[in-house]
Amino acid sequence: MARKTIKVDYLARVEGEGGLKVVVRDGKVASAELSIFEPPRFFEAFLRGRAFNEAPDITARICGICPVAYQMSAVHAMENALGVTVTGSLRDLRRLIYCGEWIESHTLHIYMLHAPDFLGYEGAIDMARDHGDVVRRGLSLKKAGNEIITLLGGREIHPINVRVGGFYRVPRKRELAPLAERLKWARDAALETVRWTAGFDFPDRERDYAFVALRHGEEYPFNEGRIVSNRGLDIAAAKYDDHFEETHVERSTALHSRFKGGGSYLTGPLARYNLNFACLSPLAQDAAREAGLGQTCNNPYRSIVVRAVEVLYACDEALRIIAAYEEPDRPAVPAEPCTGTGYSATEAPRGLLYHRYRLEADGAIAEARIVPPTSQNQASIEEDLASYIGGFLDLPDDELRHRCEQTVRNYDPCISCSAHFLRLELDRG
């Protein structure tokens, strides 16, 4: 095996369009490249000049699967710039809508995009022929998450009820009762999902990752906390640019993020789990232990189990919030325009999401910066391919190609979200 090239022109079962190329020389992986070639979407550019209170609705359009994370990140950054603090029931409702997004997004990936890799199917439709009850459970569990977003966001795709300072409308306590009954079933289904995924056959692969995630200390992180790592990093969101940098890679329309000074890192469920296990609910902790995870996990192929644990936690947390909910006196805290710069880091289902906005005195956005999870994970994805695929080189080409794609799908990359910038370089000789 002197030379072999594994090329996947279009990755299947990921959100967006991307390609994959792995070059093998003399029995070793010489290079691994994840190429993102979607058209740049320029959200940062057309946010400039808009009013600060337009940003939540605009950024929600970045992704149809995780609009809440983009919307809430914009809201938190604006509030940071304007000196607005949201507490009490309004803060709880924000955690609740995050629960909805984690449930629907994680469940979609687990059942429709990732499980077929472990069960030997080309996709969810083929899997459904033999596992109809399992697929129906996944669809119903996803629906429970969508129902939370619909109630709090006004609709399940690109929600419109979130605003700087709170919400345009908050639910009455009685409106949450039917949702609680649905979530009790969802919590049981999520527990079964943890047990189901724990039974998959996982490749024995681990790396010494630099994990990066939020840490709140008192709760599993959704939309607040400091940015921490297992390498000693502990910073506020305002210091993000001091420690991380984005660079352009010629083959990709998305930027690659690294630590300043070099080094990739991993963000997402695996990072959150390793850095925040103690803040999971007792039910989620017990389910993780039963699934064989322990308090740490360095095997990215087991990330499907970690996602299932996070779904279970989100159901449990949603029920806790609903049980304690008291209707707030007002739907939002007033927010007045002023000059300032606001920073925010939240936890999208796929990982850390960073927003920064600079505002003019009238509240117009002068500058916007958005760093999505996938662009932060791209370097780590390529390192996984280079590190792990060498152990699969004895497989036939089709199976080897499948292992490459599975390795990428461990991250549930949202390629559309990451394709937001393009530097044009012309060489005219």
Side-chain angles (χ1 to χ4, degrees), residues 13 15 60 62-73 92-115 124 134-162 167 171 175-194 196-197 219-223 268-269 272-273 280-281 283-284 287 303-323 325 346-351 353 373 412 414 417:
R13 286 184 277 128
E15 204 288 311
I62 292 175
C63 183
I65 298 173
C66 49
V68 171
Y70 283 92
Q71 187 173 64
M72 204 62 73
S73 298
D92 290 341
L93 288 175
R94 289 181 167 183
R95 282 188 67 79
L96 182 57
I97 196 171
Y98 252 98
C99 289
E101 179 157 282
W102 275 27
I103 294 167
E104 63 87 10
S105 178
H106 277 346
T107 301
L108 171 68
H109 182 68
I110 292 167
Y111 281 87
M112 304 297 143
L113 307 181
H114 208 187
V134 168
V135 172
R136 280 189 288 272
R137 180 179 68 201
L139 291 172
S140 296
L141 184 53
K142 182 183 184 300
K143 185 178 179 181
N146 285 345
E147 288 174 359
I148 297 175
I149 299 174
T150 299
L151 178 61
L152 295 179
R155 61 189 187 193
E156 64 187 50
I157 305 297
H158 307 320
I160 54 175
N161 189 42
V162 174
F167 297 84
E175 293 179 80
L176 297 177
L179 199 58
E181 291 305 310
R182 176 76 170 169
L183 284 166
K184 290 175 184 176
W185 173 88
R187 183 168 58 185
D188 291 340
L191 181 57
E192 287 303 312
T193 303
V194 175
W196 176 61
T197 56
E219 59 193 18
Y220 203 73
F222 283 151
N223 50 348
R272 285 191 296 261
Y273 181 89
L280 287 168
S281 64
L283 177 64
S303 64
I304 191 171
V305 187
V306 175
R307 278 189 172 84
V309 170
E310 288 197 333
V311 173
L312 177 59
Y313 170 77
C315 292
D316 211 22
E317 177 71 351
L319 283 166
R320 182 197 67 78
I321 293 169
I322 291 173
Y325 177 66
T346 73
E347 286 289 348
R350 293 163 179 83
L353 173 59
D412 185 17
C414 190
C417 293

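When reading the values below, keep in mind they use all heavy atoms of this one structure, side chains included, and skip hydrogens, waters and symmetry mates.
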Inset, instruction - Measure from the side-chain N and O atoms of E156 to the backbone N and O of T150, and report whether any donor-acceptor pair falls under 3.5 Å. - result: no
Legend entry - Side-chain donor/acceptor of R350 to backbone N/O of D412, under 3.5 Å: yes
Inset, instruction - Can you see which heavy atom on L312 is nearest to which on A287, and at what distance? - result: CD2-CB, 3.5 Å
Inset, instruction - For residues C414 and I65, determine if any side-chain heavy atom of one lies less than 4.5 Å from a side-chain heavy atom of the other. - result: no
Legend entry - Ring-face cation contact, W196 with R137, 6.0 Å cut, 45° max: yes
Legend entry - Main-chain N/O of C315 paired with R320 side-chain donor or acceptor, under 3.5 Å: no
Inset, instruction - Report the distance from atom CD of E175 to atom CG of L152, rounding to the nearest 0.5 Å. - result: 9.5 Å
Legend entry - Spatial distance of atom CG (L151) from atom CG (N161) [nearest 0.5 Å]: 9.0 Å
Inset, instruction - Please answer whether the main-chain N or O of H158 pairs with a side-chain N or O of R155 as donor and acceptor at a distance below 3.5 Å. - result: yes
Legend entry - E101 side-chain N/O to A69 backbone N/O, donor-acceptor pair under 3.5 Å: yes
Legend entry - Heavy-atom pair with the smallest gap, counting every atom of V309 and A284: CG1-O, 3.9 Å
Inset, instruction - Indicate the atoms forming the closest heavy-atom contact of P373 with A348, along with that distance. - result: CG-CB, 4.1 Å
Legend entry - Residue pair I304 / A115: nearest heavy atoms and the distance that separates them: CD1-N, 3.9 Å
Legend entry - Test log, rule side-chain contact (heavy atoms from CB on, under 4.5 Å), inputs L283 and R187: CA-CA 10 Å; L283 177 64; R187 183 168 58 185; 3.7 Å; yes
Legend entry - Residue pair V306 / R272, side-chain heavy-atom distance below 4.5 Å: no
Inset, instruction - Please report the closest heavy-atom contact between P269 and H106, naming both atoms and the distance. - result: CG-CE1, 3.9 Å
Legend entry - Validation row: Y111, L139 side chains within 4.5 angstrom (heavy atoms): no
Legend entry - 4.5 Å side-chain heavy-atom contact, L93 and Y325: yes
Legend entry - Under 3.5 Å: donor-acceptor pair, side chain of Y70, backbone of L353: no
Legend entry - Atom pair CD/CH2 of E310 and W102 - distance to nearest 0.5 Å: 4.0 Å
Inset, instruction - Please check if the side chain of Q71 supplies one atom and the backbone of P159 the other of a donor-acceptor pair under 3.5 Å. - result: yes
Legend entry - side-chain contact (heavy atoms from CB on, under 4.5 Å) between K143 and T107, worked out: CA-CA 9 Å; K143 185 178 179 181; T107 301; over 6 Å; no
Inset, instruction - Is it possible for you to check whether R182 lies under 6.0 Å from the centre of the six-membered ring of W185, through NZ or CZ, and within 45° of that ring's axis? - result: yes
Legend entry - Within-4.5 Å side-chain heavy-atom neighbours: M72 and I97: yes
Inset, instruction - State whether E219 and R95 are salt-bridged, where the test is any N-O pair (Lys NZ or Arg NE/NH1/NH2 against Asp/Glu carboxylate O) under 4.0 Å. - result: yes
Inset, instruction - Could you grab the distance from atom CD1 of I321 to atom CG of D92, nearest 0.5 Å is fine? - result: 5.5 Å
Legend entry - Contact summary for L96 and I148, nearest pair of heavy atoms: O-CG2, 3.3 Å
Legend entry - Residue pair Y98, T346: steps toward the side-chain hydrogen bond (donor to acceptor under 3.5 Å, both in side chains) verdict: CA-CA 10 Å; Y98 252 98; T346 73; 2.9 Å; yes
Inset, instruction - Please tell me if the side chains of L179 and I322 come closer than 4.5 Å, counting only heavy atoms from C-beta onward. - result: yes
Inset, instruction - Measure the spacing between OH of Y273 and OH of Y220 and express it to the nearest 0.5 Å. - result: 8.0 Å
Inset, instruction - Any chance you could measure K142, atom NZ, to N146, atom CG, to the nearest 0.5 Å? - result: 4.0 Å
